Amino acid sequence: MSAGLSINVQNLVNPRQNSFVPRVFTVTEKTRETLDIVTIKAHSGDGGVRLEVHPGQFNMLYVHGIGEIPVSISAVGSDGSLIHTVRRVGPVSNALGSLRIGESFGVRGPYGTHWPLESLHGRSVIVLAGGLGLAPLRPAIHHLLKFRDELGDVGIYCGARSPADRIFASEFARWQKAKPRATGAKSIEVRVTVDRVPDHAKAAWQGEIGVVTSLLPRALPDPDNVTALICGPEVMMRHAVQDLLQLGIAKEHIYLSLERNMKCAVGLCGHCQLSRYFVCRDGPVFSLDRVERLLTVKEL
Ligand SMILES: Cc1cc2nc3c(=O)[nH]c(=O)nc-3n(C[C@H](O)[C@H](O)[C@H](O)COP(=O)(O)OP(=O)(O)OC[C@H]3O[C@@H](n4cnc5c(N)ncnc54)[C@H](O)[C@@H]3O)c2cc1C
Ligand code: FES
């Protein structure tokens, strides 16, 4: 079960070489996910780059004259395009969100560690996503659905603040319909919850209401055989970790993606330092046994 998502092009580029030189990518498609979140699909402008992307990794995205920020790779298109999902919070993310089709930006990467998809063969998997945390988990979900015959049960649990804050909402039904193909293959459960539903949306909302951790099963028949992948706001990840430990999942089988401010993204500048780790190089995906103590520190 190879976890790499290859982009089909001619030259193999080692991202560790020329680490600081962005490649030019051109926006080919934009999808508005919510009021402040946009998904941007882009193609390589230099026509000859082959990137090996692993689900959970991120790129540094550069907008000319504005700046550069880390953004998770939220999918890789079948045509080799790179897909990022950006919340507009400040200068660079706003500039990225404002790019029009045909306009270009710079890409360095991919960087960082990835979800441990190669070690999931035969295991059950819980995916727990809060808000934009679904972005780095989406390529992992695509991978799990593709290789579902080789897995145990898969539970995908997503939370958002309100129905209007859900991202990739149009994909949920497709994920749910991805029934196991092989006889005896296990179930796939996709559940979505929101913190609240505004009055004007109540009639239309068919889903659940409550925090995302309320979607977790009350007990697991074989917790030793379960791996959990989590991404979301820090407070959500702290609660999720407690609940998953109570369900009996071992710390080394709970993986979470952390965020820190970044500059170089290659382990040189120290901006992303978190105790003895550099999140850009040693993360962003960590197993809980490595970062459990750090999780107890508020706003890491
Ligand atoms: C590994 C990694 C992956 C990321 N993936 C994504 C992604 O897929 N999509 C996405 O939209 N963003 C992602 N981010 C966060 C993104 O990098 C920041 O939102 C961005 O740096 C903001 O830059 P800015 O210039 O737009 O705003 P700034 O002026 O730098 O920040 C504006 C506001 O956002 C806050 N902020 C900045 N960075 C973060 C952060 N990392 N987490 C929470 N709040 C922050 C600031 O404190 C400030 O209040 C990721 C960050 C990391 C480290
Ligand atoms: S961003 Fe420079 S060391 Fe991580």
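Atom set for the values below is all heavy atoms of this structure, side chains included, hydrogens, waters and symmetry mates excluded. Remember, it's 1-based here, ligands and their atoms both numbered in the order they're listed. We're numbering straight along the sequence, starting at 1. The shown structure was predicted, so the numbers you read here are calculated from the model rather than taken from an experiment.
The backbone N or O of R191 sits nowhere less than 3.5 Å from a side-chain atom of Q176 that would complete a donor-acceptor pair.
Nearest heavy atoms, F168 versus A135: CE1-CA, 3.8 Å. Nearest heavy atom pair, residue C158 against residue L215, reads O-CD1, 3.9 Å. Taking each heavy atom of S275 and L294 in turn, the nearest pair found is CB-CD2, 3.5 Å. Closest heavy-atom contact between S81 and D79: OG-OD1, 2.7 Å. Residue S104 comes nearest to T26 through the heavy atom pair OG-OG1, 3.2 Å, listed as atom of the first residue, atom of the second, then distance.
Here is the list of ligand 2 atoms found below 4.0 Å of a heavy atom in G267: 3 (S). Against a heavy-atom cut-off of under 4.0 Å, G270 is close to the following atoms of ligand 2: 2 (Fe), 3 (S). In the vicinity of C280, heavy-atom distances shorter than 4.0 Å reach the ligand 2 atoms 1 (S), 3 (S), 4 (Fe). Shown in contact with A265 at under 4.0 Å from a heavy atom are these atoms of ligand 2, numbered in order with element: 1 (S), 2 (Fe). Listed by number with element, the atoms of ligand 2 under 4.0 Å from a non-hydrogen atom of K263 are 1 (S).
Residue side and main chain included, H271 places no N/O/S atom under 2.8 Å of atom 4 (Fe) of ligand 2. Inclusion of C269 in the first shell of atom 4 (Fe) of ligand 2 is not supported: no N, O or S atom falls under 2.8 Å.
Salt-bridge annotation for R87 and D36: present, with a side-chain N of the basic residue lying under 4.0 Å from a carboxylate O of the acidic one.
The only option from F278, Y255, Y277, W115 that meets the ring-ring contact (aromatic ring centres under 6.0 Å, His included) definition with F286 turns out to be Y277.
The local environment of NE2 in H239 is sparse, with at most 12 non-hydrogen atoms from other residues, nucleotides or ligands closer than 6.0 Å.
The option from C272, P70, G283 that lies nearest to atom 4 (Fe) of ligand 2, judged by heavy atoms, is C272.
Using a 4.0 Å cut-off between heavy atoms, L268 contacts ligand 2 through its backbone alone, with no side-chain atom that close.
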Atom pairs and distances, ligand 1 N/O vs protein N/O under 3.5 Å:
unit_1: ligand 1; atom_1: 5 (N); unit_2: S72; atom_2: N; d: 3.0
unit_1: ligand 1; atom_1: 5 (N); unit_2: S72; atom_2: OG; d: 3.0
unit_1: ligand 1; atom_1: 8 (O); unit_2: S72; atom_2: N; d: 3.1
unit_1: ligand 1; atom_1: 8 (O); unit_2: T85; atom_2: O; d: 3.4
unit_1: ligand 1; atom_1: 9 (N); unit_2: T85; atom_2: O; d: 2.8
unit_1: ligand 1; atom_1: 11 (O); unit_2: R87; atom_2: N; d: 2.7
unit_1: ligand 1; atom_1: 14 (N); unit_2: P70; atom_2: O; d: 3.4
unit_1: ligand 1; atom_1: 17 (O); unit_2: P70; atom_2: O; d: 2.7
unit_1: ligand 1; atom_1: 25 (O); unit_2: V92; atom_2: N; d: 3.1
unit_1: ligand 1; atom_1: 26 (O); unit_2: G90; atom_2: N; d: 3.3
unit_1: ligand 1; atom_1: 26 (O); unit_2: G90; atom_2: O; d: 3.2
unit_1: ligand 1; atom_1: 26 (O); unit_2: V92; atom_2: N; d: 3.3
unit_1: ligand 1; atom_1: 26 (O); unit_2: S93; atom_2: N; d: 2.7
unit_1: ligand 1; atom_1: 26 (O); unit_2: S93; atom_2: OG; d: 2.5
unit_1: ligand 1; atom_1: 41 (N); unit_2: E259; atom_2: OE1; d: 2.8
unit_1: ligand 1; atom_1: 42 (N); unit_2: E259; atom_2: OE1; d: 3.0

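Counting only residues at least two apart or on different chains, the salt bridge (Lys or Arg N to Asp or Glu O under 4.0 Å) pairs with a member in residues 53-76 are E68-R108.
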